[in-house]
Amino acid sequence: MTSEIVEVGPHVVGRSCVTGVHGQQCRTRVRMRTIKLRRTYLWALFILGLYLYVHLLYIKNKGMWFDYENVSSDISSIQSYRPEDIEDDDTILVNTSLADDLSKKVKVFCFIATTTSNLLTKAKAVNDTWGKRCDKILFVTSSPSKLSMTISFNIEDSRSHLTGKTMSMIHYIYRYHLDEYQWFMKADDDTFVVMENLKLLLSKCDHQKPIYLGHHFKVHLKQGYMSGGAGYVMSQSALRMIVEDGLQKDLCPRDGNDEDVDVGRCLETVGVQPYKTTDKFGRETFHAFSILNYIIGPVPVYLLQYPHKPARAGKNCCSQLPITFHYTSPRMMYITEYFLYRTAVYGRQLATIDSDFFKEEVSRLDKDPGSVFVPYGPHGISLVDSKPKKQNGG
């Protein structure tokens with residue numbers, strides 16, 4: 001047998017010959033010139049695969065995997081905010097005297113359900129934007145944090161324990177802050193709140209009465225309940241009743257599954273009733289879904305069935321003085337903050353808001369002749385007519 005190696009162009013050609021009965025037979029073998037080229041192809045495939053994997057993760061999480069740039073890993077950067085950060089800087093030409101006067105009269109304590117893993121993303125976005133306008137804000141987590149605006153309870157981070165988080169926070173407020181504030185708002189870390197509009201609504205109510213406000217769902221309970229994602233507000237009197245007439249007498253759940261239903265059931269048990277939050281045109285102020293779904297559509301089917309008033313999409317979806325929007329990513333928090341507080345249209349001014357834009361005494365829903373409450377059914381969930389009315393138009 002003989003063999004030889006010949007270099008031809010970009011390849012290495014190996015030739016081996018064997019002499020047998022039928023004469024000499026030769027076989028040619030071709031290899032890549034270098035191993036480096038083969039490694040280059042493998043690295044290219046690896047990088048392409050990694051890119052596709054990350055891209056699919058991003059799509060799966062709807063862009064919320066990493067929602068804003070330059071997130072600091074230094075928790076001291078969000079330890080607190082300076083009082084002057086609340087004020088608009090000198091380059092913004094705006095008169096806030098009416099809102100400032102109202103803010104001094106109506107005091108709101110905000111407690112935000114979050115997780116330790118969301119402190120540097122969603123919680124930071126809340127604290128950077130609308131959270132600055134709460135009179136006090138605390139982020140409720142399951143494990144201790146060095147951040148001054150957080151409070152933790154030894155409760156697992158999961159939907160099945162949201163009731164435990166909220167009830168623990170309500171009991172904490174009752175012990176340490178009840179007499180310092182008039183109103184107490186529970187929101188999620190993906191809820192955006194326009195605090196000035198909320199305080200205008202609350203100024204029409206008496207915090208010494210048992211009042212419960214938010215986006216009303218008329219299912220599950222006799223008097224319905226307020227959506228947790230849209231945020232809900234309790235008066236000082238209502239929060240006191242939850243603890244003294246509910247938790248201390250073991251009439252309210254201390255943990256459970258659907259937090260907003262559990263809180264609503266507790267309020268119903270102790271005699272606190274839901275109040276209307278629509279404006280004088282019947283437009284909703286608290287919103288259980290994202291601003292994009294309300295403006296562009298479509299709204300989820302359950303928002304045609306659950307609410308006191310079926311949701312609408314389009315230009316008449318929402319009140320001119322909206323209060324909350326749910327499912328707001330950190331990026332959208334900053335965008336919403338910018339367009340609400342740092343822009344204006346020349347020549348357009350907010351007209352004088354009539355005293356009845358929100359009724360002087362926000363009416364109880366059970367006194368509204370248009371109210372239709374759907375009781376909690378034998379199988380758990382009872383819905384209104386599955387054929388939605390044509391109210392989901394702009």
Side-chain angles (χ1 to χ4, degrees), residues 80-83 85-87 96 98-114 123 126-127 129-141 147-153 165-189 191-215 226 228 230-248 252 259-260 263-264 266-267 270-275 277 285-286 323-324 358 361-362:
S80 62
Y81 56 85
R82 297 171 298 174
D85 289 340
I86 301 176
E87 307 299 330
T96 62
L98 287 176
D100 294 341
D101 290 342
L102 184 60
S103 183
K104 295 174 183 176
K105 300 174 183 176
V106 181
K107 298 299 181 182
V108 179
F109 184 116
C110 304
F111 58 103
I112 315 300
T114 188
V126 169
N127 193 62
T129 56
W130 68 267
K132 297 184 293 185
R133 301 179 188 92
C134 295
D135 295 286
K136 183 173 181 62
I137 185 170
L138 280 179
F139 294 91
V140 188
T141 65
L147 302 181
S148 62
M149 78 285 287
T150 64
I151 183 170
S152 63
F153 301 102
K165 265 187 182 180
T166 300
M167 290 302 187
S168 297
M169 192 63 201
I170 287 174
H171 192 265
Y172 171 85
I173 292 172
Y174 173 82
R175 291 185 61 188
Y176 299 105
H177 298 288
L178 182 64
D179 295 328
E180 299 174 16
Y181 303 92
Q182 301 157 332
W183 301 94
F184 302 91
M185 179 173 200
K186 180 269 172 183
D188 290 345
D189 56 12
T191 306
F192 190 95
V193 182
V194 185
M195 189 56 60
E196 294 87 345
N197 295 347
L198 173 61
K199 289 193 172 186
L200 176 62
L201 172 67
L202 297 178
S203 70
K204 309 298 181 181
C205 304
D206 183 353
H207 69 277
Q208 294 181 336
K209 293 183 178 180
I211 294 176
Y212 171 40
L213 306 121
H215 184 89
M226 301 300 180
Y232 53 82
V233 184
M234 297 171 287
S235 65
Q236 185 186 83
S237 176
L239 191 138
R240 177 183 283 110
M241 291 172 68
I242 286 180
V243 177
E244 294 179 356
D245 300 333
L247 294 175
Q248 291 180 357
C252 291
E259 167 261 338
D260 45 10
V263 172
C266 179
L267 289 164
V270 301
V272 178
Q273 293 161 320
Y275 277 58
T277 57
T285 56
F286 288 75
I323 294 175
T324 70
F358 297 123
E361 180 64 32
V362 179

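These values consider heavy atoms only, across backbone and side chains, with no hydrogens, waters or symmetry-generated copies.
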Which residues satisfy the side-chain hydrogen bond (donor to acceptor under 3.5 Å, both in side chains) test with Q248, sequence neighbours excluded? none

With sequence neighbours excluded, tell me which residues meet side-chain hydrogen bond (donor to acceptor under 3.5 Å, both in side chains) with T150. none

Approximate separation, where rounding is to 0.5 Å, of [X] [atom1] and [Y] [atom2]:
| X | Y | atom1 | atom2 | value |
| --- | --- | --- | --- | --- |
| K105 | K199 | NZ | NZ | 12.0 Å |
| I323 | L200 | CD1 | CG | 8.0 Å |
| T114 | L138 | OG1 | CG | 12.5 Å |
| H171 | I242 | NE2 | CD1 | 12.0 Å |
| Q236 | I173 | CD | CD1 | 11.5 Å |
| M241 | C266 | CE | SG | 9.5 Å |

Take the angle between the ring planes of [X] and [Y] and call it parallel below 30°, perpendicular above 60°, tilted in between.
| X | Y | answer |
| --- | --- | --- |
| Y181 | F109 | perpendicular |
| H207 | W183 | perpendicular |
| Y172 | F153 | perpendicular |

Pair T166-K186, side-chain donor/acceptor within less than 3.5 Å: no

Between [Y] and [X], is there a side-chain heavy-atom distance shorter than 4.5 Å?
| X | Y | answer |
| --- | --- | --- |
| F111 | I170 | yes |
| F184 | V108 | no |
| L213 | Y232 | no |
| V194 | W130 | no |
| S203 | L102 | yes |

Among M149, H177, E180, whose side chain to side chain contact (heavy atoms under 4.5 Å, CB included) with K136 holds? H177

Would you please test F139 and N127 for side-chain contact (heavy atoms from CB on, under 4.5 Å) and show each step? CA-CA 9 Å; F139 294 91; N127 193 62; 4.1 Å; yes

If I compare all heavy atoms of V270 with all of C252, which pair ends up nearest, and what's the gap? CG1-SG, 4.4 Å

So, using salt bridge (Lys or Arg N to Asp or Glu O under 4.0 Å) as the criterion, who are the partners of D179 when residues are at least two apart? R240

Please report the C-alpha distance between M169 and I151 in whole Å, then the side-chain angles of each, then the deciding distance to 0.1 Å, and finally whether the side-chain contact (heavy atoms from CB on, under 4.5 Å) criterion is met. CA-CA 9 Å; M169 192 63 201; I151 183 170; 3.7 Å; yes

For a side-chain contact (heavy atoms from CB on, under 4.5 Å) check, start with the C-alpha distance between L267 and M226, then their side-chain angles and the critical distance, and finish with the verdict. CA-CA 11 Å; L267 289 164; M226 301 300 180; over 6 Å; no

Does the side-chain contact (heavy atoms from CB on, under 4.5 Å) test come out yes or no for M185 and T324, once each step is laid out? CA-CA 11 Å; M185 179 173 200; T324 70; 3.7 Å; yes

